[in-house]
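Below are the structure tokens for one structure; questions will follow.
In what follows, residues are counted from 1 in the order of the sequence shown.
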Amino acid sequence: MADLLPIYLIIVAFLCTVGAIALALFHIYKHLLNYTEPIYQRYIVRIVFMVPVYALMSFLALVLPKSSIYFNSIREVYEAWVIYNFLSLCLAWVGGPGSVVISLTGRSLKPSWHLMTCCFPPLPLDGRFIRRCKQGCLQFVILKPILVAVTLVLYAKRKYKDGNFSPDQSYLYLTIIYTISYTVALYALVLFYVACKDLLQPFNPVPKFVIIKSVVFLTYWQGVLVFLFAKSGYIRDEEEAALFQNFIICVEMLIAAAAHFYAFPYKEYAGANVGGAHSFSGSLAHAVQLNDFYHDTVHQFAPAYHDYVLYNHNDGGEGTTKYRARTFVPTGQEMDAVRKNKHLFGNKMDGVSVSSHSSSGPSTPKASGVADPARPETMKSSLLVDASDSASTMYDMSLMDIDISSYPSKVPSANVSAGPK
């Protein structure tokens with residue numbers, strides 16, 4: 001191994017790995033100590049933990065190249081997990097799928113050549129759109145572990161070798177499948193961001209999107225290019241290309257750990273006291289629970305769209321509450337979001353008035369009941385259009401806090417008399 005990579009590069013990789021892990025763990029520790037917004041910080045902790053996973057697995061693959069496929073597999077599974085958590089974080093910021101649908105009612109995404117929708121009619125921004133975005137990311141989360149397992153089986157049968165593009169080896173075909181899955185997930189994220197850019201604006205989403213795309217997607221393409229350089233003769237062979245890729249990731253993770261402090265600052269949650277007091281162990285347990293992923297996966301791929309489930313991931317992990325409805329009724333987390341952001345959903349709380357929210361308007365809330373005469377009736381964004389004829393659409397959706405846990409699962413039949421005696 002020393003003949004392939006100079007010892008001083010290994011030392012540099014070790015120092016960068018230690019520094020990246022230390023910074024990331026300190027960042028996570030501060031978030032858990034200031035765990036005042038569990039709904040948001042659960043996803044943030046999972047995203048930041050990508051740095052220790054990436055850095056440690058890459059360094060182990062660097063110093064133990066014969067076992068590198070196992071370390072790389074762990075890293076690849078976690079990168080899929082990061083994509084899911086990032087989209088879930090964005091949805092949590094805007095109050096959940098139901099709140100997004102209410103906010104974007106009557107709008108559509110205009111055909112655009114750089115979004116590759118120029119040959120299609122305007123895309124309605126409704127519940128199906130949000131669901132397709134989540135499915136686009138979830139397919140990557142589900143497919144990635146399956147392909148990793150297939151890779152390990154083929155590796156054991158000597159049918160897989162990193163960087164070997166020969167038709168007799170499976171690396172070429174798995175790379176094609178990976179690339180399609182990566183592209184779909186990235187495309188889903190981009191569409192969601194374009195549609196919800198105004199809703200996400202108060203949360204400064206741009207640096208977060210840049211970091212996630214850089215770490216997950218650019219590192220993947222970086223690896224493919226490194227192996228292509230080996231195929232072209234610019235690098236000696238596939239083994240050296242793999243070592244070079246792992247070394248670069250070790251260095252990049254130190255930069256990513258520092259960037260996370262700017263993109264996901266813990267100080268904005270310090271002293272907020274929104275979610276009440278949490279112990280460190282309780283905060284850690286909440287962050288590592290996987291019940292939200294299970295319920296979300298079942299929910300998003302359920303065959304019946306009209307049985308769409310609006311659920312609240314409570315701390316007790318009791319699962320979901322199901323409502324059969326023709327439209328979105330804000331409950332739990334989404335109810336709280338509606339109350340906090342009434343300016344996004346109109347000025348009426350009894351029988352919600354869903355008004356168009358201008359993309360060029362300010363992100364700060366306006367007083368309830370005060371009309372804004374300067375607000376245009378249609379979207380000024382070059383990609384979003386208001387498909388409705390009026391500035392607002394009325395829905396008969398009274399916001400109600402419903403606790404159905406105390407109600408019986410079956411309603412007894414009423415006694416009906418046969419007639420007057």
For this session: For Leu290 and Trp81, run side-chain contact (heavy atoms from CB on, under 4.5 Å): C-alpha distance rounded to whole Å, both residues' side-chain angles, the deciding distance at 0.1 Å, then the answer.
Result: CA-CA 11 Å; Leu290 302 181; Trp81 180 236; 3.6 Å; yes

Exercise. Is any side-chain heavy atom of Leu104 less than 4.5 Å from a side-chain heavy atom of Cys196?
Worked result: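 Sidechains of Cys196 and Leu104: in contact.
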
For this session: Could you list the residues that satisfy ring-ring contact (aromatic ring centres under 6.0 Å, His included) with Tyr266, not counting sequence neighbours?
Result: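 For Tyr266, no residue satisfies ring-ring contact (aromatic ring centres under 6.0 Å, His included) once neighbours in sequence are set aside.
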
For this session: Take the angle between the ring planes of Tyr160 and Tyr155 and call it parallel below 30°, perpendicular above 60°, tilted in between.
Result: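 Tyr160 vs Tyr155 ring planes: perpendicular.
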
For this session: Over all heavy atoms of both residues, which pair between Ala13 and Leu62 is shortest? Give the atoms and the distance, please.
Result: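 Answer, listing the atom of Ala13 first, then Leu62: CB-CD2, 3.6 Å.
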
Problem set entry | Leu174 vs Leu154, side-chain contact (heavy atoms from CB on, under 4.5 Å): CA-CA, chis, key distance, verdict | CA-CA 11 Å; Leu174 289 175; Leu154 293 173; 4.2 Å; yes

For this session: Look at the aromatic rings of Phe227 and Tyr171 and report parallel, tilted or perpendicular, splitting at 30° and 60°.
Result: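 Taking Tyr171 first and then Phe227, their aromatic rings stand perpendicular (interplane angle over 60°).
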
Exercise. Is any side-chain heavy atom of Phe71 less than 4.5 Å from a side-chain heavy atom of Leu56?
Worked result: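 The answer is no, as the side chains (C-beta and beyond) never meet within the 4.5 Å cut-off.
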
For this session: May I ask you to decide if Val153's main-chain N or O and Lys157's side chain share a donor-acceptor pair within less than 3.5 Å?
Result: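 Side chain of Lys157 to backbone of Val153, a donor-acceptor pair under 3.5 Å: no, none is there.
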
Exercise. Below 4.0 angstrom, N of the basic side chain to O of the carboxylate: do Glu239 and Lys161 qualify?
Worked result: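 So Glu239 pairs with Lys161 through a salt bridge.
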
For this session: Measure the OG1-CD distance between Thr36 and Glu268 for me, rounded to the nearest 0.5 Å.
Result: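 Interatomic distance, Thr36 OG1 to Glu268 CD, rounded to 0.5 Å: 9.0 Å.
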
Exercise. Ser283 and Tyr35: which non-hydrogen atoms are nearest, and at how many Å?
Worked result: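 Result for this residue pair: OG-CB, 3.2 Å.
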
Exercise. About how many Å separate CD1 of Ile249 and CZ of Phe59, when rounded to the nearest 0.5 Å?
Worked result: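 Answer for the CZ-CD1 pair, Phe59 versus Ile249, is 14.0 Å.
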
Exercise. Between SG of Cys133 and CZ of Arg131, what distance do you get to the nearest 0.5 Å?
Worked result: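 Atom-to-atom, Cys133:SG and Arg131:CZ are 12.5 Å apart.
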
Problem set entry | Close side-chain approach of Val82 and Val53, heavy atoms under 4.5 Å |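 No; the side chains remain at least 4.5 Å from each other.
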
For this session: Find the distance between CG (Leu91) and CD1 (Ile39) and round it off to the nearest 0.5 Å.
Result: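 Interatomic distance, Leu91 CG to Ile39 CD1, rounded to 0.5 Å: 12.5 Å.
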
Exercise. Where is the tightest heavy-atom contact between Ile21 and Pro52, given as atom of each residue plus distance?
Worked result: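 Answer, listing the atom of Ile21 first, then Pro52: CG1-CA, 3.9 Å.
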
Exercise. To the nearest 0.5 Å, what is the distance between CD1 (Ile47) and NE2 (His31)?
Worked result: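 The distance works out to 10.0 Å.
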
Exercise. Ring pair (Phe, Tyr, Trp, His ring centres under 6.0 Å) between Phe264 and His27: does it pass, once the steps are laid out?
Worked result: CA-CA 9 Å; Phe264 303 98; His27 193 189; 7.5 Å; no

Exercise. Are Asp126 and Arg107 side-chain neighbours, meaning at least one heavy-atom pair lies under 4.5 Å?
Worked result: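 When only atoms from C-beta onward are counted, Arg107 and Asp126 do not touch, as no gap falls below 4.5 Å.
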
For this session: Quick one: sort the Phe247 and Phe244 rings into parallel, tilted or perpendicular, breaks at 30° and 60°.
Result: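 Answer is parallel, since the angle falls under 30°.
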
Problem set entry | Ser58 and Met253, any side-chain heavy atoms less than 4.5 Å apart |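 With C-beta onward as the side chain, the pair stays apart.
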
Problem set entry | Side chain to side chain, Gln41 and His286, heavy atoms closer than 4.5 Å |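 They are not in side-chain contact.
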
Problem set entry | Donor-acceptor under 3.5 Å (Lys159 side chain, Gln169 main chain) |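 A pair under 3.5 Å: no.
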
Problem set entry | Check: Gly136 main-chain N/O paired with Tyr187 side-chain donor or acceptor under 3.5 Å |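 A pair under 3.5 Å: no.
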
Exercise. Should Arg132 and Phe192 be marked as a side-chain contact (heavy atoms from CB on, under 4.5 Å) after you check the CA-CA gap, both sets of side-chain angles, and the distance that decides it?
Worked result: CA-CA 10 Å; Arg132 295 294 179 263; Phe192 177 82; over 6 Å; no

For this session: Verify ring pair (Phe, Tyr, Trp, His ring centres under 6.0 Å) between Phe209 and Phe86, making sure each step is shown before the conclusion.
Result: CA-CA 9 Å; Phe209 269 87; Phe86 182 65; 4.9 Å; yes

For this session: Check whether any side-chain heavy atom of His260 lies under 4.5 Å from a side-chain heavy atom of Val51, and answer yes or no.
Result: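 In short, these two side chains touch, coming nearer than 4.5 Å.
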
Exercise. Between the side chains of Gln139 and Ser181, is a donor N or O closer than 3.5 angstrom to an acceptor N or O?
Worked result: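 Result is yes, a qualifying pair exists.
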
Problem set entry | Derivation and outcome, side-chain contact (heavy atoms from CB on, under 4.5 Å), residues Thr151 and Ser73 | CA-CA 9 Å; Thr151 299; Ser73 297; 5.6 Å; no

Problem set entry | Minimum side-chain heavy-atom gap Tyr54-Thr219 below 4.5 Å |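 Yes, their side chains come closer than 4.5 Å.
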
For this session: Please state whether the rings of Phe280 and Tyr29 are parallel, tilted or perpendicular, taking 30° and 60° as the class boundaries.
Result: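 The rings of Phe280 and Tyr29 sit tilted, inter-plane angle from 30° to 60°.
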
Problem set entry | Smallest separation among heavy atoms of Lys134 and Ser88, with atom names |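 Heavy atoms of Lys134 and Ser88 come nearest at NZ-OG, 4.1 Å.
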
Problem set entry | Interatomic distance, Lys267 atom NZ to Phe261 atom CZ [nearest 0.5 angstrom] |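 Going from the NZ atom of Lys267 to the CZ atom of Phe261 covers 9.5 Å.
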
Exercise. Looking only at heavy atoms, what is the nearest atom pair of Ala241 and Ile235, with distance?
Worked result: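 The answer is N-CG2, 3.8 Å.
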
Exercise. What pair of heavy atoms forms the shortest contact from Ala287 to Arg46, and how long is it?
Worked result: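 Scanning both residues, the minimum pair turns out to be O-NE, 2.8 Å.
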
For this session: Look at atom CZ of Phe14 and say whether more than 12 heavy atoms of other residues, nucleotides or ligands are closer to it than 6.0 Å.
Result: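 Counting other residues, nucleotides and ligands, CZ of Phe14 stays at 12 neighbours or fewer.
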
